[in-house]
Amino acid sequence: MTTVEHKLAEKGLILPEPALPLASYVPSRKVGSLIFISGQLPFRNGDLITGVVGDTLTTEEGAKAAEACGVMIVSQLKHALGGDLGRAQCCIKLDGFVACTPSFKDHPEVINGASNLMEDLFADRGRHARAAVGCPSLPRGAAVEVAAIFAVD
């Protein structure tokens, strides 16, 4: 078990099976020493976290959904690395999308759910560049979607 998996266990988080694509794309693509993880949706106990932040969900609930996206990202990363998370060098970038009301302004605080998870799991190697964007809707009614880029050996 890698350090990342120990830290997940300490947080009480379990990596689910990697999600299958919803349409015509692949869950991840390795190019050189980079792995691009397609946008991941938030699942809790196998159920999609849906809703609109600023309406049916609070900022804190949105952040928990973003953290769930982060867990899915790590699951996809582990799968892409043949089960060896020890090969992950660092998280380079996260792109976060928040389903929210037009007046919602706290997108960064929502996507912090995924960002903080990467730092908790990977320490300094989890610090990354990022985008946090508001959207009127996301696939399947998801509250949040997060994509990632990792450097690997």
Side-chain angles (χ1 to χ4, degrees), residues 3-29 34-81 85 88 90-152:
T3 302
V4 171
E5 289 166 306
H6 279 111
K7 289 180 181 179
L8 281 164
E10 287 173 4
K11 292 178 73 57
L13 299 171
I14 298 168
L15 286 182
E17 288 296 314
L20 297 173
L22 296 175
S24 298
Y25 61 92
V26 294
S28 66
R29 171 72 68 177
L34 301 178
I35 291 186
F36 296 78
I37 306 290
S38 294
Q40 298 297 299
L41 301 182
F43 288 91
R44 182 181 303 124
N45 300 322
D47 295 321
L48 181 64
I49 300 170
T50 60
V52 176
V53 182
D55 181 19
T56 59
L57 297 173
T58 65
T59 300
E60 294 76 23
E61 290 169 325
K64 282 299 206 184
E67 180 183 71
C69 291
V71 170
M72 293 302 297
I73 286 168
V74 175
S75 177
Q76 291 291 359
L77 179 64
K78 182 177 179 178
H79 181 74
L81 294 174
L85 283 170
C90 69
C91 180
I92 295 173
K93 186 167 194 249
L94 294 182
D95 288 324
F97 304 90
V98 181
C100 61
T101 62
S103 62
F104 186 75
K105 306 274 190 261
D106 296 328
H107 312 87
E109 288 79 5
V110 171
I111 301 305
N112 277 350
S115 291
N116 293 343
L117 179 66
M118 294 305 140
E119 287 188 48
D120 288 348
L121 298 180
F122 295 94
D124 284 342
R125 298 177 303 123
R127 295 182 57 78
H128 51 270
R130 186 180 87 175
V133 179
C135 303
S137 69
L138 289 169
R140 309 294 190 253
V144 179
E145 181 174 355
V146 182
I149 303 170
F150 281 83
V152 299

Rounded to the nearest 0.5 Å, what's the gap from [atom1] on [X] to [atom2] on [Y]? Could you check?
X      : Y      : atom1 : atom2 : answer
Ser28  : Ile149 : OG    : CD1   : 12.5 Å
Leu57  : Thr101 : CG    : OG1   : 11.0 Å
Leu121 : Asn116 : CG    : CG    : 10.5 Å
Lys105 : Cys100 : NZ    : SG    : 9.0 Å
Cys91  : Arg125 : SG    : CZ    : 10.5 Å
Thr59  : Glu109 : OG1   : CD    : 7.0 Å

message: Phe43: which residues meet the ring pair (Phe, Tyr, Trp, His ring centres under 6.0 Å) condition with it, sequence neighbours left out?
response: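 Testing Phe43 for ring pair (Phe, Tyr, Trp, His ring centres under 6.0 Å), a comparison that skips the adjacent residues, returns none.
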query: Taking it one step at a time, do Ile49 and Val144 satisfy side-chain contact (heavy atoms from CB on, under 4.5 Å)?
result: CA-CA 8 Å; Ile49 300 170; Val144 179; over 6 Å; no
message: For residues 96-149, which residue pairs pass the ring-ring contact (aromatic ring centres under 6.0 Å, His included) check, not counting sequence neighbours?
response: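 ring-ring contact (aromatic ring centres under 6.0 Å, His included) check on residues 96-149 returns Phe104-His107, Phe122-Phe150.
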Residues forming a side chain to side chain contact (heavy atoms under 4.5 Å, CB included) with [X], sequence neighbours excluded:
X      : result
Ala99  : Leu138
Ala114 : Ala66, Leu94, Val146
Ala123 : Lys7
Glu60  : Thr58

query: Is the count of non-hydrogen atoms from other residues, nucleotides or ligands lying under 6.0 Å from Leu34 atom CG greater than 12?
result: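 Yes, enclosed.
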message: Between Glu61 and Val53 (side chain of the first, backbone of the second, donor and acceptor by atom type, cut-off under 3.5 Å), is there such a pair?
response: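 Looks like no, no N/O pair under 3.5 Å.
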field: Donor-acceptor under 3.5 Å (Ser75 side chain, Leu15 main chain)
entry: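 Not at all, since once roles are kept as given, no pair shorter than 3.5 Å links the two residues.
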Atom of [X], atom of [Y] and distance for their closest heavy-atom approach:
X      : Y      : value
Met72  : Pro18  : CE-C, 4.5 Å
Pro16  : Val71  : CD-CG1, 3.6 Å
Ala142 : Leu48  : CB-CD1, 4.0 Å
Ala148 : Ile73  : CB-CG2, 3.8 Å
Asp95  : Ala131 : OD1-CB, 3.5 Å

A side-chain contact here means heavy atoms from C-beta on lying under 4.5 Å apart; do [X] and [Y] qualify?
X     : Y      : value
Leu22 : Leu41  : yes
Leu13 : Leu117 : yes
His79 : Pro27  : no

field: Derivation and outcome, side-chain contact (heavy atoms from CB on, under 4.5 Å), residues Met118 and Arg130
entry: CA-CA 12 Å; Met118 294 305 140; Arg130 186 180 87 175; over 6 Å; no
task: Start with the C-alpha distance between Lys78 and Val4, add both sets of side-chain angles, then the distance that settles side-chain contact (heavy atoms from CB on, under 4.5 Å), and finish with yes or no.
output: CA-CA 10 Å; Lys78 182 177 179 178; Val4 171; over 6 Å; no
